[in-house]
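The structure under discussion appears below in the form of structure tokens.
Order of the sequence lines sets the chain letters (A, B, ...), proteins ahead of strands, with each chain counted from 1.
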Amino acid sequence: MTIRVYNSLTRQKEVFENKGNRIGIYVCGVTPYSETHLGHARPSIIWDVIKKYLRYRGYKTFHVQNFTDIDDKIIARANAEGRDPLEVAAMFSHDYLASMDALGVERADLYPKVSEHIGDIISMIESLIAREHAYVVNGNVFFDVASFSDYGKLSNQKLDELQAGTRFEVDPDKKNPLDFALWKRVKPSEPAWESPWGKGRPGWHIECSAMSLKYLGNEFDFHGGGCDLIFPHHENEIAQSEGATGKPLARYWLHNGMLSIKQAKMSKSLGNFVTIKDILKEYPSQLVRFYILSSHYRSEIEYHDEKLAEMRRGWQRFNDCIVNLAGLIDNKEIVEQELHGEEAVLADKIQKAEQEFIDAMNDDFNTALAIAVLFNLLHQVNGYIALGYHTKQADYVLAEAYRVFTTLAGDILGIIKSETRQLTGLTEPLMELILTLRTELRNQKDYQLADLIRDQLASLGIMIEDTAHGPRWKFKNDR
RNA sequence: GGCGGCAUAGCCAAGCGGUAAGGCAGAGCUCUGCAAAAGCUCCAUCCCCAGUUCAAAUCUGGGUGCCGCCUCCA
């Protein structure tokens with residue numbers, strides 16, 4: 001079964017074929033000028049899952065994600081606060097990485113920064129000038145869009161149609177209003193570097209072209225980012241890279257949909273964004289991932305304050321099931337068994353679910369469908385657990401269920417709490433003792449005392465469930 | 001004005017020509033001293049109109065309504 005992805009460049013799903021021994025991925029990272037918000041989390045979580053899935057399928061990945069640490073907004077903020085732009089950028093870059101760590105997002109292999117690649121940028125601009133795709137005017141260097149016949153191929157725009165409707169001030173030095181800056185002449189109170197065209201700084205788009213070429217070469221596999229970047233950012237990247245090298249930039253362009261904040265219940269005072277830090281104060285990171293992955297990566301999603309609370313119950317059922325499975329197979333020697341009857345049926349369901357999960361992910365990384373598959377398996381497993389079997393066959397098939405859940409929902413999607421049952425030495429034996437005593441009380445029909453114990457434990461955050469096959473306990477689903 | 005996307009049950013959300021996945025909420029039942037958990041069952045013909053087809057939520061045309069991009073944004 002092959003992997004198919006929707007390629008923005010061709011506007012259709014294509015079979016993914018990787019050349020070379022690893023999959024090269026470039027995802028447009030953030031411009032670190034403010035705190036990391038939920039919108040940033042979407043592509044990060046999506047690519048985290050894509051990478052983990054690809055590796056589960058046996059591929060090797062190499063992921064590069066930039067920090068655009070030289071930019072108008074950073075400079076504006078730095079000047080307003082009387083600080084150094086690079087220091088501001090460094091601070092919010094750290095905020096970004098810390099937020100992503102907290103969301104369980106695996107780090108990229110490289111996080112190149114613009115400020116550390118001025119030389120690479122200058123040489124790319126030089127080759128663009130040499131190939132007559134760029135021109136110098138008064139210390140500025142502009143890309144000449146008319147010189148690149150494919151301009152507009154990603155965003156499906158035509159040059160002459162793009163010219164209408166421009167509302168911004170056009171630099172009179174440009175040959176064409178759509179020409180964009182590769183190098184900006186130095187201005188007062190802005191950082192600047194030496195270049196063949198005088199002091200200045202790079203334009204917005206060139207860094208991605210220069211850094212992706214340096215670390216991934218031509219025609220790497222995946223280029224990702226938010227769909228708001230299609231034009232002009234990615235369109236310009238294509239023009240620069242392909243103009244400079246004469247070779248395709250990337251083979252598959254994947255763009256995620258936007259996450260918008262519903263205005264109804266505005267959070268905090270400023271702006272309509274929710275920071276990761278604030279969200280994680282109230283909700284576990286795995287629930288945030290569950291939310292993001294519950295819809296397809298290309299669709300738009302709307303967030304509001306109650307969203308995660310609404311999704312919490314369904315999500316919690318996975319964790320409960322994992323805890324129960326772990327409890328059932330804990331301290332048991334698991335030996336592979338020849339399965340018959342109900343165990344064979346369940347084992348078959350588990351195997352099929354894993355295949356369906358793969359099919360879903362192979363189809364343009366359909367995590368929403370993949371999660372539905374896991375819910376179906378959840379029913380099967382819970383139904384079997386309720387039977388209360390404790391044979392070697394049961395142990396084996398439950399261990400299989402545990403393995404598949406923790407691999408698919410845990411390792412790949414990252415939607416399961418890993419610290420489900422953080423036990424300190426005495427907790428387990430004490431709980432055993434309490435449950436035994438309480439069972440004895442119930443046998444003597446002393447329900448008042450038994451209920452008192454249950455209520456008291458509940459107030460301590462421990463839930464007791466009396467199943468048909470004896471009591472079990474778990475920590476309350478607070479965090 | 002140009003480009004792109006979306007409209008599926010109370011809410012969220014898959015589906016991409018073969019007769020509507022999944023989750024939340026809701027109803028009923030089973031288990032149970034009670035509670036919780038779990039299981040089972042029930043709950044939509046897919047914005048409107050007109051076409052194509054043996055067959056359309058899925059394709060085509062026309063509406064209507066949202067959203068994104070065209071200026072910084074993941």
> Can you check the A:Leu308 CG to B:rC24 P distance for me, whole Å?
Replying inline: 16 Å

>> I want to confirm an ordering. Mapping A:Asn376 and A:Cys28 to their closest nucleotides on RNA chain B, which one lands closer to the 5' end?
In response: A:Asn376

> If the P atom of B:rC47 is compared with that of B:rC11, how far apart are they to the nearest Å?
Replying inline: 14 Å

> Starting at NE2 of A:His234 and ending at C1' of B:rC3, how long is that distance when rounded to a whole Å?
Replying inline: 17 Å

>> Work out how far the C1' atom of B:rG10 is from that of B:rC43, and round it to whole angstrom.
In response: 11 Å

>> Does either side chain, that of A:Gln355 or that of A:Gln351, offer a donor lying less than 3.5 Å from an acceptor on the other one?
In response: no

> Across all strands, who's sitting opposite B:rG10 as a Watson-Crick or G-U wobble pair, both distances under 3.5 Å?
Replying inline: B:rC24

> Among the nucleotides B:rC3, B:rA74, B:rG68, which one has an atom lying closest to any side-chain atom of A:Cys227?
Replying inline: B:rG68

> If the P atom of B:rA14 is compared with that of B:rA9, how far apart are they to the nearest Å?
Replying inline: 13 Å

> Rounded to whole angstrom units, what separation is found between the OH atom of A:Tyr291 and the P atom of B:rC24?
Replying inline: 18 Å

>> Classify A:Gly29 by what it touches in the nucleic acid, base, sugar-phosphate, or nothing, heavy-atom distance under 4.0 Å.
In response: sugar-phosphate

> Contact class for A:Ile371 vs. all strands (heavy atom < 4.0 Å): base, sugar-phosphate, or nothing?
Replying inline: nothing

>> Give me the distance, rounded to whole Å, that separates B:rA57 from B:rC6 when you measure between the C1' atoms they each carry.
In response: 14 Å

>> Could you tell me how far apart A:Gln65 (CD) and B:rA74 (C1') are, to the nearest whole angstrom?
In response: 9 Å

> Which distance, rounded to the nearest 0.5 Å, do you find between the CZ of A:Phe143 and the CG of A:Asn176?
Replying inline: 11.0 Å

>> Taking the basic N atoms (NZ, or NE/NH1/NH2) and the acidic carboxylate oxygens, is any pair closer than 4.0 Å for A:Lys51 and A:Glu106?
In response: yes

> Nearest-Å distance, CG (A:Leu377) to P (B:rG22)?
Replying inline: 14 Å

> What string of B, S and - do you get for nucleotides 28-41 of chain B 5' to 3' if you count protein non-hydrogen atoms under 4.0 Å?
Replying inline: -----BBBBSSSS-

>> So if I take every side-chain heavy atom of A:Phe375 and compare against B:rG22, B:rC69, B:rA74, which nucleotide ends up nearest?
In response: B:rG22

>> Does the protein touch nucleotides 5-17 of chain B at the base, only the backbone, or not at all? Give it as B, S and - per nucleotide, heavy atoms under 4.0 Å.
In response: -------SSSS--

> Quick check, are the ring centers of A:Tyr215 and A:Tyr26 under 6.0 angstrom apart?
Replying inline: no

>> Can you tell me the base-pairing partner of B:rA38? Count Watson-Crick or G-U wobble geometry only, both distances below 3.5 Å, and say none if there is no partner.
In response: B:rU30

> Rounded to the Å, how far apart are A:His255 NE2 and B:rA74 C1'?
Replying inline: 10 Å

> Could you give the CG-to-C1' distance, from A:Leu229 to B:rC3, as a whole number of Å?
Replying inline: 16 Å

> Across all strands shown, which nucleotide pairs with B:rC66 by Watson-Crick or G-U wobble geometry, both distances under 3.5 Å?
Replying inline: B:rG5

> If we take the C1' atom in both B:rA20 and B:rU8, what is their distance in whole Å?
Replying inline: 8 Å

>> Roughly how many Å apart are B:rC40 and B:rC69, using the C1' atom of each and rounding to a whole number?
In response: 49 Å

>> Per the salt bridge (charged side-chain N to carboxylate O under 4.0 Å, His left out) rule, what does the pair list look like for residues 452-464 of chain A, sequence neighbours excluded?
In response: A:Asp451-A:Arg454, A:Arg454-A:Asp466

> Do A:His234 and A:His205 have ring centroids that are under 6.0 Å from one another?
Replying inline: no

>> Checking side-chain polar atoms at under 3.5 Å, does A:Glu342 have a donor or acceptor matched by the opposite partner on A:Tyr389?
In response: yes

> Whom does B:rG18 pair with, Watson-Crick or G-U wobble, provided both distances fall under 3.5 Å?
Replying inline: B:rC54

> Which whole number of Å gives the distance between the C1' atom of B:rC16 and that of B:rC42?
Replying inline: 29 Å

> Given that both distances must come in under 3.5 Å, which nucleotide forms a Watson-Crick or G-U wobble pair with B:rU71?
Replying inline: none

> With rounding to whole Å, what would you report as the distance between B:rG51 and B:rA44 at their C1' atoms?
Replying inline: 25 Å

> Taking only N and O in the side chain of A:Asn156, is any of them less than 4.0 Å away from OP1 or OP2 of B:rC3?
Replying inline: no

>> Does this structure show an ion pair linking A:Asp72 with A:Arg201, if we count only N-O contacts that are shorter than 4.0 Å?
In response: yes

> So what does A:Thr31 touch, heavy atoms closer than 4.0 Å: a base, only the sugar-phosphate, or nothing?
Replying inline: sugar-phosphate

> Between B:rG4, B:rC72, B:rA21, which nucleotide has the shortest distance from any of its atoms to the side chain of A:Ala372?
Replying inline: B:rA21

>> Between A:Gly225 and A:Val373, which residue's closest nucleotide on RNA chain B lies nearer the 5′ terminus?
In response: A:Val373

> Rounded to whole angstrom units, what separation is found between the CG atom of A:Leu159 and the C1' atom of B:rC70?
Replying inline: 13 Å

> Does the distance from a Lys or Arg side-chain N to an Asp or Glu carboxylate O, for A:Asp48 and A:Arg107, drop under 4.0 Å?
Replying inline: no

>> Is there a salt bridge (Lys or Arg N to Asp or Glu O under 4.0 Å) between A:Glu81 and A:Arg77? Walk through the geometry before answering.
In response: CA-CA 6 Å; A:Glu81 296 176 1; A:Arg77 180 155 187 163; 3.0 Å; yes

> Looking at A:Lys153 and A:Asp150, does any basic side-chain N land under 4.0 Å from a carboxylate oxygen?
Replying inline: yes

> Between A:Lys13 and A:Asp364, is there a side-chain N and carboxylate O pair less than 4.0 Å apart?
Replying inline: no

